Number of protein chains: 6
Amino acid sequence: MARTAIYAGSFDPVTLGHLDVIKRGARLFDRLVVAVGNNPGKRYLFELEERQRFVREAVGDSCPNVEVHAFRGLLVDAAARLDADVVLRGLRALSDFDIEFRNGLANRSLTGIETFFLLADPALIYVSSSIVREIALHGGDTSHLVPSVVVEPLRRVYAEGAAR
Amino acid sequence: MARTAIYAGSFDPVTLGHLDVIKRGARLFDRLVVAVGNNPGKRYLFELEERQRFVREAVGDSCPNVEVHAFRGLLVDAAARLDADVVLRGLRALSDFDIEFRNGLANRSLTGIETFFLLADPALIYVSSSIVREIALHGGDTSHLVPSVVVEPLRRVYAEGAAR
Amino acid sequence: MARTAIYAGSFDPVTLGHLDVIKRGARLFDRLVVAVGNNPGKRYLFELEERQRFVREAVGDSCPNVEVHAFRGLLVDAAARLDADVVLRGLRALSDFDIEFRNGLANRSLTGIETFFLLADPALIYVSSSIVREIALHGGDTSHLVPSVVVEPLRRVYAEGAAR
Amino acid sequence: MARTAIYAGSFDPVTLGHLDVIKRGARLFDRLVVAVGNNPGKRYLFELEERQRFVREAVGDSCPNVEVHAFRGLLVDAAARLDADVVLRGLRALSDFDIEFRNGLANRSLTGIETFFLLADPALIYVSSSIVREIALHGGDTSHLVPSVVVEPLRRVYAEGAAR
Amino acid sequence: MARTAIYAGSFDPVTLGHLDVIKRGARLFDRLVVAVGNNPGKRYLFELEERQRFVREAVGDSCPNVEVHAFRGLLVDAAARLDADVVLRGLRALSDFDIEFRNGLANRSLTGIETFFLLADPALIYVSSSIVREIALHGGDTSHLVPSVVVEPLRRVYAEGAAR
Amino acid sequence: MARTAIYAGSFDPVTLGHLDVIKRGARLFDRLVVAVGNNPGKRYLFELEERQRFVREAVGDSCPNVEVHAFRGLLVDAAARLDADVVLRGLRALSDFDIEFRNGLANRSLTGIETFFLLADPALIYVSSSIVREIALHGGDTSHLVPSVVVEPLRRVYAEGAAR
């Protein structure tokens, strides 16, 4: 039986959409592993440690069965290493599905792992890390898009002239 | 935690696509309830009892944690009555998603029940009960589309001139 | 310049999704004509007069520039008769778009009338008259889906055994 | 090698969109069989003979390698009987694709026959037999949507009060 | 009421598809602001001044209520600065919609501004600035894709070996 | 009549999905030209010669009417130079279609060349060169995704630390 799910992404930064999936996933599995991706060739706005901390602080004490880990490489390898039975994904809208479908089938072809999809909160359908970064880059308000712990660091990182 | 899933449909008749979802779902939940819909205003090719029997025989002894029930009315009511924690759905292709999205959100709005989606076997992406009925109506071969227990009854029901 | 928009549909019954489009449309046009369709060959759950009254009462005094009319036949003819410059439509989700695209282009090919699309409130993305009827048919709660004026008549019409 | 293609549909009535696919298909294959469907359980606006005649007259002398036939039952059986190597389909828009995908794969699963898709003329993307019937039902002009041979019969059939 | 619309993009270069939206938008609003984006981190084929000039010359005297401005940063800020009530967008095809949906909702979440969508001319459904650049890069003819004022500069910029 | 089709791509590297389209295309046309793209500004994992050799060896002796060529620039120019009558494309899933639609129409607008689409094998729906590279980069097994001739070179190129 599926007891542990892995929910992976860049979380650069974590959004209210991610948080919604995490909280609902935590009610459906014994254990939910949030895996924060960190791949050598990729540039991130926030360092791995910050991205993990934002997830941890946003989740807070509300979901004791949520663990936050880092991962690099293939998701299926991270799942095996972290004892996850299934992959958890949130679906925001139709356009997501195609990529999700391909990734889910590719993962299944590698180790047989299944992907479970949850419907994202439709009120958050337009929220993504890239839209958050775009708005913050131009000095817009992001407090309705990200957990409160992220708002100030996000403002600061662009004020300091960080490239996206 | 989610322990029991409900997988609902008309199953008129059950296809190899349905069977694939049932078998994979049975590995992921403690208990999987297959709920065969039977609504007054709707015409079916096979009687409720036959549709249930086809599912039972197709599943056979391979998945002892699968139960087959009938239901009418709202899925959320059947879920409550049959002690199911979540709804299970298979996704075949992009076009499915939109209806699934709406139904899933409507169900969540009624009782808070979540819907889990599994990726259907892509090799069966084109299989549906309606395509099966269309082929059988015109005397085509359906043995690659439905469980073996369904093939002969399906041939016979059209040979006897049953209207779809 | 576009001054009057026509927003047409069956409104059988009007939903909170429709109401959201009407209220936002009323802020964008000098005059908004809500056209309640009533075609001979089609069966409706509620009579034309009721469907119009539900829209009027749901809108209430909040939008004095909204008028509610009946129409049958082609939308482009109703637009001409009711002095509407453009067609207004709400888009709920990706799957809507294709039908909307075809209808909008067909209307433009007939009289040159343009269609304006507004984005529906994403939190109401799953709400449609047919889902409302399905839930009400089986005795479910619809108070989060339709204006309050509709809730009780909707319950009663199915309690009295009305066919959908 | 593929020499003969079959292009099937109800053609109730043939539209300028169909005609575009026929003319382009005729340039790409040695022989193009237009198969006009006629199934017992289905109601048509025009009789089979009329629907075939409209296609023939619309094509005229421009494509001598086009043949018009009737068919009932499965498309794959018609293809075998009429010596067609492949199925030809026109794609109008994204939403078409999903049904086409399923039908194409189902046909391939039955006899191995391949389906070729051509891109429909985008200017005709919104034209379909059902939109044509809807406009004609309400007395609208269809002369920009159907071949000229269809305009007058279409007007007459609704003027005579024919049900759709 | 909505009197001024803002139509924003890179216009690198303006295409016949853009021009179609501008001309139709100009008939529907008292004032149409074309906002040509110019963001620091982004590389353009043509300089801002050229991109603005191409739009102005392509529009010509046909639409006196069209103004061409530059903008950088968030669209909602440009809209406020240029006194635009609504955002205007053209929809080319289904795949556009998802990004448009997200952007439109994100903009609404920031300042409450609504987005109006018009249906693009279907005959131009495949035209985009990037396809135009791709064709011009390889010396292909673009005169059926862009306003005549753009054809020669586009040819020249690639002949001079400009990187895309 | 269409006798020669051109099937173009980067083939970096060729996958079992490509191979499936090539083999089926070879049965439908007198001559099938596989055109391996090689554009100056683009970085490839494998050199042009390798990418061509992989296709040739994967096809082997099974399809004597398949030729493998290189091309740069516009596909329509390569088609003219290589005497191809039509463009052949495989469709994997709904999301492909939109780009394919635009490219196909753009090509038709340039020289009148038609694009034929075949349905890809649904069991390979998730296979793409980029997913293959992603898996190989992280040391995953690709033997179920690419022809056997590709497996070892793919492993080696990443083991040697080649950048993607």
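So you know, we letter chains A, B, ... as the sequences are listed, proteins then strands, and number each from 1. Computed from a predicted model, the values in this text were never measured in an experiment.
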Partners of [X] by side-chain contact (heavy atoms from CB on, under 4.5 Å), sequence neighbours excluded?
| X | answer |
| --- | --- |
| Ser129(E) | Pro13(E), Thr15(E), His18(E), Arg133(E) |
| Leu16(E) | Leu19(E), Leu124(E), Pro147(E) |
| Val68(E) | Val34(E), Val36(E), Gln52(E), Val55(E), Arg56(E) |

Side chain proximity check, Val127(E) to Leu105(F), heavy atoms < 4.5 angstrom: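 Val127(E) vs Leu105(F): side chains apart.
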Test side chain to side chain contact (heavy atoms under 4.5 Å, CB included) on Phe101(F) and Ile125(E) and set out the steps. CA-CA 9 Å; Phe101(F) 198 97; Ile125(E) 213 171; 3.7 Å; yes
Sort by residue number and list every member of residues 69-78 of chain F having a non-hydrogen atom under 4.5 Å from chain E.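 The stretch touches chain E at Gly73(F), Leu74(F), Asp77(F).
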So, taking the atom named CG in Asp141(E) and the one named OG1 in Thr111(F), what distance separates them when rounded to the nearest 0.5 Å?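 So the gap between those two atoms works out to 11.5 Å.
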Using 0.5 Å steps for rounding, measure from the CD1 atom of Ile135(E) to the CG atom of Leu110(F).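 The distance works out to 4.5 Å.
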Greater than 12 external heavy atoms within 6.0 Å of Glu57(F)'s CD: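 Counting other residues, nucleotides and ligands, CD of Glu57(F) exceeds 12 neighbours.
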